[in-house]
Amino acid sequence: MVESRRSYITSRIVFHTVLAFFALLCVIPIISVVSISFSSGTSLHLEGFTLLPKNVDLTAYRYIFKKPYQLINAYIISIEVTVLGTVIGVSLMALLAYPLSRRDFRLGGIITFIVFFTMLFRGGLVPTYILVTRILRLRNTIWAQILPLLVTGWHVFLLRTYFKTVPFELIEASKIEGASEFRIFIKVIAPLTKPGIATVSLLLCLGYWNSWFPALLYIDDSTKVPLQFWMMRVMDNINFLLSLDTISVDFGLEDIPTESARMAMAVLAAGPMLFIFPFFQKYFARGIRIGAIKG
Amino acid sequence: MAKKLSGIRIKSNIELFLLTAPALIVVIVYYYLPMFGIVIAFKDYKPMMGILGSPWNGFKNFEFFFRSSQAWLSVRNTLLYNTVFIVLTAVVAVTFAIMLYELKSKLAVKFYQTIFFFPYFLSWVVVAIMLYTFLNEEFGILNRLLTIIGFDRARWYTEPGYWPFILTFMALWKRVGYSMIIYYAGLMGIDPQLYESATIDGANKWQCTFKITLPMLASVIVILMILSIGHIFYADFGLFYQLPLQSGMLFSTTDVINYFTYRALIEVQDYGMAAAVGFFQSIMGFVMILAANWTARKISQGEHGLF
């Protein structure tokens, strides 16, 4: 008994050490970016990047907010894409996944296959590019950025797995009372599967907020670029910001906080996702359940 | 009565179909139309003439495969990286999930799950900036640590030899949290009585892990594996495009199929070559996923598989 007690404690220590080490790896880069964003250009030149700033300096943020129009515009585009994409995407996918979760839906098999096949075989970049730019003519619209994540097989099947947990008797009972299928979904299924719907919404929201590839392909109008893409462009060219205004007049050249400005932008780009973290805690941490496609 | 019931059934089937319709339209337009577009691989595509109007040119678009070593390099890199990612992500995520499960502390589970999911919250653009704070030659944290312990500064962004390790590490860093949450959810479904009866029969912790936990997790592991094998010809574009800061000097270890196609399409505007690579990717991906599923079914005697 003593032996097993000891091995229990050893294993706990080992597990905690390993997990805590990885946790540190997850957190340190984030701390370093935040701290560099609060460092002055001069202290960076003297001491390099450090994990904690010697003194808090807001030059980088002041610098970015001096001419904030592009940044604000990019924020607005990202918010539009994220909100529209998440709301429409989750609605469409939930309404698709619900019938697929029903054993008594005659077309369930074939529609499941139609959706599932998109996970097996894809047209690829070139046909999709031609579809979006030439046939749908969505170049330089937010819809070109929304479409790629709108309905994805993986998310549809995640939702279907959650919907399957609702006992069929509940649906049957509402049907006998004469409720329509749409009403059953809204009144019975959705409330019972809130964690699942919230989980997929969160994944979609993250996906949209962090997306830049559609913008790289389809957007060349600088007033239509989302935040991540705008940031990417700024990173590409260290002197991008410098070229924008008469900076050298206002700052001494060595004070131009290019490095810390980059970090400040990263903070501003990733920051809003903190708002969805409480939802993560509430729903997502319960887990994502997956199952085989058939069954 | 029977007649009335079937009337209800037909009505509800129609209603259910109508619910699926909007999403189905998106699926058909966005996924199925491009599937027919793969014929572009065999055409001399001219944007002005459209897909149907452009002339056929047989296998001409595929010729570059035999001329350009860069194409093969990108295929090799994609396959090697993805193989390593698939194996390591599964091993690390399953190990972490089992550790969490064994800790049996609600607080610890919540804490670690939340923190491990942090990297998944960040876009590759932000991650690239983060990595830069570590790898920057002059000010970077890693080089400063190296000089402190007496080594020379490493030129991270110009020396390709480092990147297989950097990219593998970063891929795991970003993905392990997500996979771990899926595996952990799988573990939550295991009946605790299995462990109780095993312990009564004299099984120790290791035996429980290998004889109960892992087999119970097998179906989830298999599903995720098959899906990622189906994507083995598709690289995570952000990882390879953003993190090396598009440094051409690193291409020997950082170029992947998707990057190659992207350059062919956007930079060179060679639709034919890009479509040929895309065709290769689609067909190989399809074959891989069928093969993976077939193998999984065979090995598990029909018990596990995606479909």
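To find a chain, count down the sequence lines: A is the first, B the second, and so on, and within it residues start at 1.
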TODO: Give, as side chain, backbone, both or neither, the part of Ala97(A) having an atom under 4.5 angstrom from any heavy atom of chain B.
DONE: neither
Task: Derivation of the side chain to side chain contact (heavy atoms under 4.5 Å, CB included) call for Arg134(A) and Ile51(B) - done: CA-CA 10 Å; Arg134(A) 301 230 146 230; Ile51(B) 297 174; over 6 Å; no
TODO: Give the minimum heavy-atom separation between Leu92(A) and Ala23(B), together with the two atoms involved.
DONE: O-CB, 3.5 Å
Open item on the list: How about CD1 on Ile148(B), more than 12 heavy atoms from neighbouring residues, nucleotides or ligands closer than 6.0 Å, or not?
Closed with: yes
Open item on the list: Among Tyr234(B), Trp124(B), Phe279(B), Phe111(B), which residue has the highest count of heavy-atom pairs closer than 4.5 Å to chain A?
Closed with: Tyr234(B)
Task: Contacting moiety of Leu120(A), where chain B heavy atoms sit under 4.5 Å - done: both
TODO: Test Phe307(B) against every option in Phe113(A), Phe116(A), Phe117(A), Phe157(A) by the ring pair (Phe, Tyr, Trp, His ring centres under 6.0 Å) rule and name the one that passes.
DONE: Phe116(A)
- [ ] Please report the C-alpha distance between Ser11(A) and Met99(B) in whole Å, then the side-chain angles of each, then the deciding distance to 0.1 Å, and finally whether the side chain to side chain contact (heavy atoms under 4.5 Å, CB included) criterion is met.
- [x] CA-CA 9 Å; Ser11(A) 72; Met99(B) 283 180 173; over 6 Å; no
Open item on the list: I need the residue from Val176(B), Leu122(B), Val127(B), Ile283(B) with the largest number of non-hydrogen atom pairs under 4.5 Å to chain A.
Closed with: Leu122(B)
TODO: Could you pull out the closest heavy-atom pair between Val126(A) and Ala275(B), with the gap in Å?
DONE: CG2-N, 3.5 Å
Open item on the list: Could you walk me through whether Phe22(A) and Ile115(B) satisfy the side chain to side chain contact (heavy atoms under 4.5 Å, CB included) test, starting with their C-alpha distance in whole Å, then the side-chain angles of each, then the deciding distance to 0.1 Å, before giving a yes or no?
Closed with: CA-CA 9 Å; Phe22(A) 191 74; Ile115(B) 299 219; over 6 Å; no
Task: Donor-acceptor contact present, side-chain Ser282(B) to main-chain Arg122(A), <3.5 Å - done: yes
Task: Option in Gln242(B), Glu102(B), His304(B) with maximal non-hydrogen atom pairs under 4.5 Å from chain A - done: Gln242(B)
Open item on the list: Side chains of Leu203(A) and Tyr120(B), heavy atoms from C-beta outward: is any pair under 4.5 Å?
Closed with: yes
Task: Between Ile289(B), Val39(B), Ile129(B), the one whose heavy-atom pairs under 4.5 Å with chain A are most numerous - done: Ile129(B)
Open item on the list: I'd like to check the salt bridge (charged side-chain N to carboxylate O under 4.0 Å, His left out) partners of Asp270(B); sequence neighbours left out, ordered by chain and number.
Closed with: none
- [ ] Against chain B, work out which of Gly89(A), Cys26(A), Ser91(A) has the most heavy-atom pairs shorter than 4.5 Å and name it.
- [x] Cys26(A)
TODO: Locate the shortest heavy-atom distance separating Pro29(A) from Phe134(B); write the atom from each residue and the value.
DONE: CA-CE1, 3.8 Å
Open item on the list: If you apply the rule side chain to side chain contact (heavy atoms under 4.5 Å, CB included), what do you find for Tyr132(B) with Met263(A), and how did you get there?
Closed with: CA-CA 10 Å; Tyr132(B) 176 82; Met263(A) 304 309 149; 4.0 Å; yes
TODO: Please say whether more than 12 non-hydrogen atoms of neighbouring residues, nucleotides or ligands are located less than 6.0 Å from NZ in Lys104(B).
DONE: yes
TODO: Evaluate the ring planes of Phe121(A) and Phe286(B), with Trp represented by its six-membered ring, and classify them as parallel (under 30°), tilted (30 to 60°) or perpendicular (over 60°).
DONE: perpendicular
Task: Residue Leu100(A) versus chain B: region with a heavy atom under 4.5 Å - done: neither
Task: Spatial distance of atom CG (Leu103(B)) from atom CG (Leu19(A)) [nearest 0.5 Å] - done: 6.0 Å
TODO: Flag the one option from Ser123(B), Ala21(B), Ala41(B) with the top tally of heavy-atom pairs under 4.5 Å to chain A.
DONE: Ser123(B)
Task: Student check: side-chain heavy atoms of Thr95(B) and Phe15(A) closer than 4.5 Å - done: no
Task: Side chain proximity check, Ile141(B) to Ser32(A), heavy atoms < 4.5 angstrom - done: yes
TODO: Check each atom of Thr118(A) against the heavy atoms of chain B and say whether the ones under 4.5 Å are side chain, backbone, both or neither.
DONE: both
Less than 3.5 Å apart, which donor and acceptor atoms pair up between the side chains of residues 24-38 of chain B and the rest of the protein, not counting sequence neighbours?
residue, atom, partner, partner atom, Å
Tyr31(B), OH, Val151(A), O, 2.9
Tyr32(B), OH, Ile114(A), O, 2.5

Open item on the list: Between Val267(A) and chain B, with a heavy-atom cut-off of 4.5 Å, which part of the residue counts as in contact: side chain, backbone, both or neither?
Closed with: neither
Task: For the student: nearest non-hydrogen atoms of Trp212(A) and Gly238(B), plus distance - done: CZ2-CA, 3.2 Å
TODO: Could you tell me which portion of Ile130(A) (side chain, backbone, both or neither) has an atom closer than 4.5 angstrom to a non-hydrogen atom of chain B?
DONE: side chain
TODO: Please check if the distance between the ring centroids of Trp209(A) and Phe121(B) is under 6.0 Å.
DONE: no
Open item on the list: Can you tell me which of Asn293(B), Ile223(B), Asn143(B) forms the most heavy-atom pairs within a distance under 4.5 Å of chain A?
Closed with: Ile223(B)
Task: Structural part of Thr133(A) lying under 4.5 Å from a heavy atom of chain B - done: neither
TODO: Find the one option among Gly108(A), Pro148(A), Ser211(A) whose heavy-atom pairs under 4.5 Å with chain B are most numerous.
DONE: Pro148(A)
- [ ] List the atom of Met119(A), the atom of Leu227(B), and the distance in Å for their closest heavy-atom pair.
- [x] CE-CD2, 3.7 Å
Open item on the list: Tell me the closest heavy-atom pair linking Pro99(A) and Leu19(B), and the distance in Å.
Closed with: CG-CB, 4.0 Å
TODO: Name the orientation class of the two ring planes belonging to Tyr112(B) and His16(A) (parallel below 30°, tilted from 30 to 60°, perpendicular beyond 60°).
DONE: tilted
- [ ] Kindly indicate whether a cation-pi arrangement holds for Arg106(A) with Phe17(B), taking the cut-offs as under 6.0 Å to the six-membered ring centre and within 45° of the axis.
- [x] no
Open item on the list: Quick one about Glu15(B) and Ser180(A) (side-chain donor to acceptor, distance below 3.5 Å, no hydrogens or angles considered), yes or no?
Closed with: no
Open item on the list: Atom NZ of residue position Lys205(B) - does it have more than 12 heavy atoms of other residues, nucleotides or ligands inside 6.0 Å?
Closed with: no
